[in-house]
There are 2 protein chains.
Amino acid sequence: MFAIGQASKQSGVNIETIRYYEREGVVPKPGRSAAGRRLYTSDEIAKLRFVKRCRDLGFPIAIIQTFQSLSGEEHRPCTDVKLIADQHLAVVDAKIDNLVNLRAALKNLSENCDNGTATCPMLEALMSDEPTK
Amino acid sequence: MFAIGQASKQSGVNIETIRYYEREGVVPKPGRSAAGRRLYTSDEIAKLRFVKRCRDLGFPIAIIQTFQSLSGEEHRPCTDVKLIADQHLAVVDAKIDNLVNLRAALKNLSENCDNGTATCPMLEALMSDEPTK
DNA sequence: TTAATTCCTGTAGTTACTACAGGAGCAAGA
DNA sequence: TCTTGCTCCTGTAGTAACTACAGGAATTAA
């Protein structure tokens, strides 16, 4: 059995975040010592690690909860999991596209912004009536 | 003079968001009609459009406020603006890198997740003791 | 005149945490 | 044994940038 600090180190999840996950029901409530301190089993720490990995992949918490209920089911969850993952992949793709466009616009603005004029061309562009595109 | 609905349509900023910007001091408070309704000049709407454009480029509100104070100054703001833009560009680049890596990991997991086994390889990978990478 | 639309203020909810405040338990050295 | 320092506890509030009501008043169109 491990105290919350150990659980944090082993899972990579911040202590405050662990307590937050417990409040929100993302992970089950651990047992407590006589003095009321949380005590984690290795399994519970593995669950924290699972949540952390999913979060690092950008899955929202609601979806992680779906994963957990799927992994406990009888019928093979693979199709469901893949579907969710692929939907998430599409979201990530859209985000990347957006950021790449944004980056181009930003770079374009920035590159026209070093000609030493009194008025900044970048601010002018942002304030003008023409759409930036 | 335009009511808030008009200002919203012309600037592309949601009505609730316009009021939020006003509360937060992102844009100046407009005048009011006798009955207390907000009335916007074209200049004020242009300012909303400016904020919208900056937000669409991902600039946080605090930085937009810096832009606005810079644009009102005597000394040429171009250098300052370019510096901020380039810093922001670096942030965007880092975000893109992150997402591209994440995408690869996600795709990798997803592609191994269609072999119809009873246990989902993707869930297994996320739950295993080995780091995902 | 009435119905539909727009607008008002003020408050609370969203996401996923993070940061206290104020207090108590615990382990190790002098 | 006492003290020092670390860890832990609960509960609350803050973060960013909105969004979503509730409950009511004004305006516009038919």
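Numbered from 1 within each chain, the chains take letters A, B, ... in sequence-line order. This one's a predicted model, so the numbers in the text were calculated from it and none came from an experiment.
- Toward the 5' end of DNA chain D, the nearer of the two residues A:Gln6 and B:Tyr21, judged by each one's closest nucleotide, is A:Gln6.
- Atom P of nucleotide D:dC8 and atom NZ of A:Lys9 are separated by 8 Å, given to the nearest angstrom.
- The distance between atom CZ of B:Arg19 and atom P of D:dA20, rounded to the nearest whole Å, is 13 Å.
- Side chain of B:Ser11 to main chain of B:Ala7: a donor-acceptor pair is present (N/O by atom type, distance under 3.5 Å, no hydrogens or angles).
- Of the possible polar contacts, one joining the A:Ser8 side chain to the A:Val13 backbone as a donor-acceptor pair under 3.5 Å is found.
- To the nearest angstrom, P of C:dG13 lies 13 Å from CD of A:Glu24.
- A residue-by-residue look at B:Ala35 and A:Gly36 shows that A:Gly36 has its nearest nucleotide of DNA chain D further toward the 5' end.
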task: Could you walk me through whether A:Arg38 and A:Ile18 pass side chain to side chain contact (heavy atoms under 4.5 Å, CB included), step by step?
output: CA-CA 11 Å; A:Arg38 290 170 182 80; A:Ile18 293 176; 5.6 Å; no

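- As a whole-Å value, the separation of A:Leu39 CG from D:dC9 P is 9 Å.
- The base of D:dT27 does not come close enough to the side chain of B:Arg37 for any donor and acceptor atom to sit less than 3.5 Å apart.
- The side chain of A:Asn14 contributes an N or O atom lying less than 4.0 Å from OP1 or OP2 of C:dT18.
- In this structure, the side chain of A:His88 engages the main chain of A:Leu57 through a donor-acceptor pair within 3.5 Å.
- Remark: P of C:dG13 and OH of B:Tyr20 are 18 Å apart, rounded to the nearest angstrom.
- Rounded to an integer number of Å, the gap from A:Arg38 CZ to D:dT10 C1' is 9 Å.
- Considering only heavy atoms from C-beta on, A:Val51 stays 4.5 Å or farther from A:Phe67 through its side chain.
- For the pair A:Ile61 CD1 and C:dT14 C1', the computed distance is 13 Å after rounding to whole Å.
- Along DNA chain C, the nucleotide closest to A:Arg23 and the one closest to A:Ser33 are compared, and the more 5′ of them pairs with A:Arg23.
- At C:dT18, one or more side-chain N or O atoms of A:Thr17 fall inside 4.0 Å of OP1 or OP2 (strictly under the cut-off).
- A:Ile63 has its CD1 atom 9 Å from the P atom of C:dA16, to the nearest Å.
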